[in-house]
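To start, the structure under review is shown below, and the notes come after it.
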Amino acid sequence: MTKAAKLTRNETLVLDALRQGTGPLTAYQILDMLRPEGIKAPLQIYRALRALSGRHLVHRLESQNAFVACSHGHHEGHRHTVIFLVCHACQTVREAVDPGIDRAVARLAEAEGFAAADAAMEIRGLCPQCQAAGVRQTDETVAPAD
Ligand SMILES: [Zn+2]
Ligand SMILES: [Zn+2]
């Protein structure tokens, strides 16, 4: 997909909001950011998020019901297994990609006769900064959120 269709105004606004954000944003946080732009309805946000997700420009962080801009945007249209590194202490989320995991996921799906559309993985723990600051991994850190 070299010639991608142009984004709508709302899609561009939502994508920019996510790129400016320091972490994952929920649809309502995005809505709050975009009210000055005249966006008032959650549906406008959801519609834009769905379109952007479909183009792999935005990923959904299931555990937080929030969204992040793909940090590998130059691969627009290219499906990759999304790997999120989620820090429990400072809440930062980093996105990683690994071609080996992409291949493993594709192989696994094929072996199961499954037509995979996309895949995501969340690795929870402590980021390098928090480890350096002496934050300890606790049972609570390892347990699923909420
Ligand atoms: Zn991505
Ligand atoms: Zn951290």
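Note that ligands are numbered from 1 as they come in the structure, with each ligand's atoms numbered from 1 the same way. Only a predicted model underlies this, so the values are computations on that prediction, with no experimental measurement involved.
Shown here for Leu52 and Glu11, the closest heavy-atom pair between the two residues is CD1-O, 3.6 Å. Scanning all heavy atoms of the two residues, the minimum distance from Met121 to Ile101 falls at CE-CG2, 4.1 Å.
Residues Leu31 and Ile39 are in side-chain contact: their nearest non-hydrogen atoms beyond the backbone lie under 4.5 Å apart.
Note: the hydrophobic cluster containing Val68 does not contain Val14 (ILVMFWY, side chain heavy atoms under 4.5 Å, direct or indirect links). Leu126 and Leu85 are not part of a single hydrophobic cluster, where members link through side-chain heavy atoms under 4.5 Å apart.
Between Asn10 atom CG and Leu34 atom CG the span is 8.0 Å, to the nearest 0.5 Å.
Within a 6.0 Å radius of CD in Gln131, other residues, nucleotides and ligands contribute more than 12 heavy atoms.
The atom of Glu95 nearest to the Zn ion (ligand 1) is OE2, with the search restricted to N, O or S atoms.
Within the 2.8 Å limit, His56 places no N, O or S atom next to the Zn ion (ligand 1).
Around the Zn ion (ligand 2), the protein contributes the following N, O or S atoms under 2.8 Å, ordered by chain and number: Cys87 SG, Cys90 SG, Cys127 SG, Cys130 SG.
The Zn ion (ligand 1) lies at the vertex of an angle of 100° between the SG atom of Cys70 and the NE2 atom of His59 (rounded to 10°).
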